[in-house]
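Report on one structure; see the data block that follows.
Chain letters run A, B, ... following the sequence lines, proteins first and then strands; every chain starts at 1. These figures come from a predicted structure and were not determined experimentally. We use all heavy atoms of the structure for the numbers below, so side chains are in, but hydrogens, waters and symmetry mates are not.
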Number of protein chains: 2
Amino acid sequence: MYYTHMNEMRRPEAMRLGGLIMMAGKTVVAQLHEALDEVNLSGPKLFALRYLDQAEKAMRITDLAGCIGSGKSNVTQLVDRLESDGFVQRARDPDDRRGVTVELTRRGRRHYQDGKKIVEQAEEEIMSIFTSVERAQLEAYLRRLIDDPPEN
Amino acid sequence: MYYTHMNEMRRPEAMRLGGLIMMAGKTVVAQLHEALDEVNLSGPKLFALRYLDQAEKAMRITDLAGCIGSGKSNVTQLVDRLESDGFVQRARDPDDRRGVTVELTRRGRRHYQDGKKIVEQAEEEIMSIFTSVERAQLEAYLRRLIDDPPEN
DNA sequence: TGTGTATAGTACATATATAAACTAGATTTG
DNA sequence: CAAATCTAGTTTATATATGTACTATACACA
């Protein structure tokens, strides 16, 4: 008989709370990502488009980075990809020639609306395993975790 | 995928449950990462070392990928870095010449013990905002979320 | 037994993220 | 005003992750 290695699966039952939270986050990310594939978007792209949509005008790279909560070099790359998708366009800021502004194209706005619907549906489906009371309680726990950083 | 973007910076209060879970995951990841910097480790590296330590023998790449919950090409790269850190060593599997086994070095085992202590302390600190009853309940919610993936 | 197929790991392309170095332009200050 | 300094964005290097293609080996079966 040929010796086959059994795939030792992950063992969430052996995991503690910290690991479970990370794994839950990863699970949600993965499911939204899969749902978004349909409209040629990813989570990061959708969230960038969301801020650009909410802003209703051209945004500076630095401001977008602030909203997203990441560094500027990340946003440079993200905007590169969004630009080659045709979802946004860059322009020089006339008030500060160092600055670059980013704005949704019509196509980008349309795509964002599609992605938004999909994410809302997917999120609702994921959370459908909880009652509204449970959701409220889980939400309260998570807010405490996020708002009480041990040293921030 | 990292999805730092789930941050939704200025307005966690406007976030729904899905976003909160992703943000909580990111928070925990970031805090463990920061704590681990001390011993020249990262979350993914520590995670891999943990399985190698538990196995107590050389592990196959595929099995490690199964434990970690990622693809093999990711593990190839991770093992490359761990090998150049001197924490693990590869060998050909004598029973299957296609196979590669990975094993902790003495240095890797020592580093893992250091990292383990640090992570346990950091995790305990993060979770210290919850009572043990609350932890149990949060844990139960998260397990349901992880164990009940909506069909896909 | 030889050929077709499956599997293991790697290589390559790409996406996402961080950090540091660099460039161009703006601001401060002597 | 000119020199020093700061800031905006990009570039570059690296880490992490996914998916696909490729190579070598193992297995299956006619």
In whole angstroms, the gap separating P of dG9(C) from CD of Glu83(B) amounts to 14 Å
Out of dT16(C), dG9(D), dG9(C), minimum distance to the side chain of Val100(B) belongs to dG9(C)
When rounded to whole Å, the CD to P distance for the pair Gln77(A) and dT14(C) reads 14 Å
To the nearest angstrom, the NE2-P distance between His33(A) and dT14(C) comes to 16 Å
Query raised in the report: Step by step, would you call Lys45(A) with Leu36(A) a side-chain contact (heavy atoms from CB on, under 4.5 Å)?
Result: CA-CA 10 Å; Lys45(A) 284 180 178 179; Leu36(A) 280 171; over 6 Å; no
Whole-Å distance, Leu64(B) CG to dT10(C) P, equals 11 Å
* Under 4.0 Å between any heavy atoms, over every strand shown, what does Arg60(A) touch: base, sugar-phosphate, or nothing? Just pick one. => sugar-phosphate
Checking dT10(C), dT16(C), dT25(D) against the side chain of Arg97(B) (C-beta onward), the nearest is dT25(D)
*asked:* Categorize Arg90(B) for me: base, sugar-phosphate, or nothing, with a 4.0 angstrom heavy-atom threshold over every strand shown.
replied: sugar-phosphate
Met59(B) CE to dA8(C) P, in whole Å, measures 14 Å
* Tell me what Asp96(A) touches on the nucleic acid: a base, only sugar-phosphate, or nothing, going by heavy atoms under 4.0 Å. => sugar-phosphate
Spell out, as yes or no, whether a donor-acceptor pair under 3.5 Å connects the side chain of Thr105(B) to the backbone of Phe87(B). yes
Base, sugar-phosphate alone, or nothing: which one does Ser73(A) contact when heavy atoms must sit under 4.0 Å apart?
base
Discussion item. Determine whether a donor-acceptor pair (one donor, one acceptor, N or O, separation below 3.5 Å) exists between the side chain of Arg98(B) and the base of dT7(C).
Written reply: yes
Asp95(B) atom CG is separated from dT25(D) atom P, nearest whole Å, by 16 Å
(request) May I ask you to decide if Asp85(A)'s main-chain N or O and Arg107(A)'s side chain share a donor-acceptor pair within less than 3.5 Å? (result) yes
### Query
Between Tyr51(A) and Phe47(A), does the ring centre distance come in under 6.0 Å?
no
Quiz prompt | Beyond-backbone contact of Leu17(B) with Leu142(A), side-chain heavy atoms, under 4.5 angstrom | solution = yes
Here the distance between atom P of dA26(D) and atom CZ of Arg92(B), to the nearest Å, is 10 Å
- Query: Which is true for Thr76(B) with a 4.0 Å heavy-atom rule: it touches a base, it touches only sugar-phosphate, or it touches nothing?
  - Reply: base
The answer to which of Pro44(B) and Thr62(A) contacts DNA chain D further toward the 5' end, by nearest nucleotide, is Thr62(A)
